[in-house]
Amino acid sequence: MADLSGVQALLFDVFGTVVDWHGSVTSELAALGKEHGIDGDWGAFARTWRKGYLENTRRVAQEGPGAAPGNVDVMHRGILEDILATQQWRAFGEKLTADARDALNLAWHRLHGWPDASPGLYALKKETIIATLSNGNVRLLVDMARYADLPWDVVFSAELFESFKPNPKVYLGAVKHLALEPPACAMVAAHIYDLRAAAALGLRTVYVRRAGEEPPDVGEVRSKADGGEVDVVVDSFTELAALLARRGRS
């Protein structure tokens, strides 16, 4: 397949691309709320938590270390405290001890993969190197891989490069450690901002459609063959694996 010719490694965004963060975190919150007799819009809680993460990581990417915590577990914990201190969620917060809050914070280590994630990654692993390139910290990504059966060849975390995506040094740091040039690596993500940042550095790009992952102002993402800006658009990792397998047979 010409669009991925020469690609030797796939670098995966994780939250939203590989795992269903919204469904997973919402379920854990709802179960904890039920345990304590608290009802609420748990999906909105999860989205607020995620929004804080996005705002903090982008601040560090733009302003440098010190603009926000460099470890996502620490970042998530601080955001959780802020949410539980609001009027909307204060009654829930009053039910949670410090230990319970620590345990809830680890919900981000227990995210479920999309249905195609594990089988697709096992198939892709036969064709090329597969690695994370996520803003999640190393321990979070390792725990998530074990929990969701994600067979990475290597775990790259932005934590290792002292910034967060979309800072260029995160992408280029991963490429350097693989002893490759940017065109030999493809970024795989369900977020166009991530792919645009990678493409600007010479990486190839694979867009994975995931319901609910893009903001409303992002229209249809198309491949270059269809007049768009990314190299490949797929609906699943298994579809991507089939494309790479055909490439190998051509």
Side-chain angles (χ1 to χ4, degrees), residues 1-28 31 46 50 106-158 165 171 174 178 180 184-192 194-195 198 203-214 220-223 225-226 230-250:
M1 182 175 178
D3 295 317
L4 293 179
S5 60
V7 168
Q8 299 178 46
L10 299 176
L11 301 172
F12 287 79
D13 171 65
V14 177
F15 295 109
T17 300
V18 181
V19 295
D20 175 13
W21 66 268
H22 185 262
S24 302
V25 174
T26 299
S27 293
E28 290 225 15
R50 170 74 169 173
L106 293 178
W108 295 95
H109 294 227
R110 300 186 292 269
L111 304 183
H112 296 283
W114 293 109
D116 61 282
S118 186
L121 290 175
Y122 275 100
L124 284 163
K125 191 177 175 76
K126 297 177 182 178
E127 306 297 333
T128 188
I129 295 168
I130 58 170
T132 68
L133 187 56
S134 171
N135 284 340
N137 49 288
V138 172
R139 179 56 189 269
L140 182 156
L141 294 170
V142 170
D143 286 350
M144 190 191 303
R146 291 169 62 84
Y147 182 81
D149 192 19
L150 308 174
W152 305 116
D153 291 313
V154 61
V155 169
F156 288 127
S157 162
K165 296 184 298 180
Y171 304 93
L178 289 172
L180 294 171
C185 299
M187 187 72 208
V188 183
H191 312 108
I192 192 63
D194 201 353
L195 297 180
L203 282 76
R204 314 292 274 283
T205 52
V206 178
Y207 184 82
V208 185
R209 297 187 183 99
R210 299 294 192 197
E213 277 304 306
E214 292 284 35
E220 180 186 2
V221 176
R222 296 176 298 188
S223 68
D226 293 325
V230 301
D231 291 298
V232 174
V233 176
V234 295
D235 290 308
S236 69
F237 292 168
T238 47
E239 180 184 352
L240 179 58
L243 291 176
L244 289 182
R246 287 201 296 272
R247 179 194 69 170
R249 293 194 295 268
S250 63

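Values below: every heavy atom of this structure, side chains too, minus hydrogens, waters and symmetry copies. Predicted model only: the values in this text are computed from it and were never measured.
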Which residues pass the salt bridge (charged side-chain N to carboxylate O under 4.0 Å, His left out) test with [X], not counting sequence neighbours?
| X | value |
| --- | --- |
| Lys125 | Asp153 |
| Asp149 | none |
| Arg210 | Asp116 |
| Arg110 | Glu28 |

**OP:** Could you check Arg204 against Met187 for side-chain contact (heavy atoms from CB on, under 4.5 Å), going step by step and ending with a plain yes or no?
**Re:** CA-CA 6 Å; Arg204 314 292 274 283; Met187 187 72 208; over 6 Å; no

Original post:
Quick check: does any side chain N or O of Thr128 sit under 3.5 Å from a backbone N or O of Gln8, one acting as donor and the other as acceptor?
Top reply: yes

List in chain and number order the residues that pass side chain to side chain donor-acceptor pair (under 3.5 Å) with [X], two or more places apart in sequence or in another chain; answer none if no residue qualifies.
| X | result |
| --- | --- |
| Ser24 | none |
| Thr17 | Asp13 |
| Thr205 | Asp231 |
| Asn135 | none |

Original post:
With sequence neighbours left out, which residue pairs that include part of residues 116-151 fulfil the ring pair (Phe, Tyr, Trp, His ring centres under 6.0 Å) condition?
Top reply: His112-Tyr147

**OP:** Only counting residues at least two apart or in another chain, list the ones meeting ring-ring contact (aromatic ring centres under 6.0 Å, His included) with Tyr207.
**Re:** none

**OP:** Applying ring-ring contact (aromatic ring centres under 6.0 Å, His included), name anything that partners Trp114, two or more places apart in sequence or on another chain.
**Re:** none

**OP:** Sort and list the pairs that fulfil salt bridge (Lys or Arg N to Asp or Glu O under 4.0 Å) and have at least one residue in residues 133-142, not counting sequence neighbours.
**Re:** Arg139-Asp143

